[in-house]
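Take a look at the structure below.
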Amino acid sequence: MNTLQLDVLDSNPTTRTAALRAAYGCFPSGVTAVCALRDNQPVGIAASSFVAVSMEPPLVAVCVQHTSTTWPRLADRPRLGLSILGADHDAACRQLASKNGDRFAGLDWSATDDGAIFLHEAATWLDCSIQQTVPAGDHDIVLLRVEAIEIHEGVGPLVFHASTFHHLALPTSAEAIR
């Protein structure tokens, strides 16, 4: 057995944050848009911290930074639309993550009667309600109950890895059967 010694995190917050960002960036993740109507206007954020939590009950979670100025406008909505972004959503993701401007300008979207917003060309849509919010460091873990779904076959996901967007090649029908 070899003994390992890992790098101890620096006590300087700036250096520590950079090191953690690089380490966390080693894990590829999908990207979601979390959106809803507020006063008949679309509101949304991009979240790469999405995870499936449970099949029964059907639960997923996203993590939202405490400093978000958009999350408070979504947190009391009866339904949130989670669009698992498709391979062609790089620009849409950057737009939804921007601090300035109209985040929905030029984006094609639809809303449910309950106000959940879904981006067109997404890999999957999840219509969710907030089950619980758990404080966790500088973020909140938002546990969401999945109320309805729509899967868009043939749409590959947008993947975020090492601070860059990537696309996955979808298997052909023959490869999927194997």
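Identified under the side chain to side chain donor-acceptor pair (under 3.5 Å) test for residues 18-41, with sequence neighbours left out: Arg38-Asp76.
The two residues Ala52 and Val60 make their nearest non-hydrogen contact at CA-CG1, 4.1 Å. Taking both residues in full, the closest heavy atoms of Val31 and Cys93 are given as CG1-SG, 3.4 Å, listed atom of the first, atom of the second, then distance. Leu9 approaches Ala19 most closely through the heavy-atom pair CD2-CB, 4.4 Å. Shortest non-hydrogen contact noted between Leu119 and Trp109 is CD2-CB, 4.0 Å. Pairing each heavy atom of Gln131 with each of Leu59, the nearest pair is OE1-CD2, 3.9 Å. Among all heavy-atom pairs drawn from His120 and His89, the shortest one is O-NE2, 3.0 Å.
Aromatic rings from His152 and Trp125 are positioned such that their centres are separated by under 6.0 Å.
Between the side chain of Ser54 and the main chain of Pro58, no donor-acceptor pair closer than 3.5 Å is present. Side chain of Ser83 to backbone of Leu85: no donor-acceptor contact under 3.5 angstrom is found.
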Item to complete: Apply side chain to side chain contact (heavy atoms under 4.5 Å, CB included) to the pair Arg94 and Phe165, showing each step before the final yes or no.
Response: CA-CA 10 Å; Arg94 284 188 193 88; Phe165 293 117; 3.4 Å; yes
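Transitive grouping of hydrophobic side chains (ILVMFWY, heavy atoms separated by less than 4.5 Å) brings Val64 and Ile84 into a common cluster. Cluster membership check: Val34 does not share its hydrophobic cluster with Val159, using side-chain heavy-atom separations under 4.5 Å among Ile, Leu, Val, Met, Phe, Trp and Tyr.
Under 4.0 Å is where a charged nitrogen must lie from a carboxylate oxygen, and between Asp10 and Arg16 no such pair does.
Partner of Leu74 under the side chain to side chain contact (heavy atoms under 4.5 Å, CB included) criterion, out of Val43, Val142, Ile130: Val43 alone. Results of the side chain to side chain contact (heavy atoms under 4.5 Å, CB included) test with Leu82 over Leu126, Ile117, Thr124, Val146 single out Leu126 as the only residue that passes.
Taking a 6.0 Å sphere around CD of Glu147, one finds it holds more than 12 heavy atoms contributed by other residues, nucleotides or ligands.
Arg103 and Thr70 share a side-chain donor-acceptor pair at under 3.5 Å.
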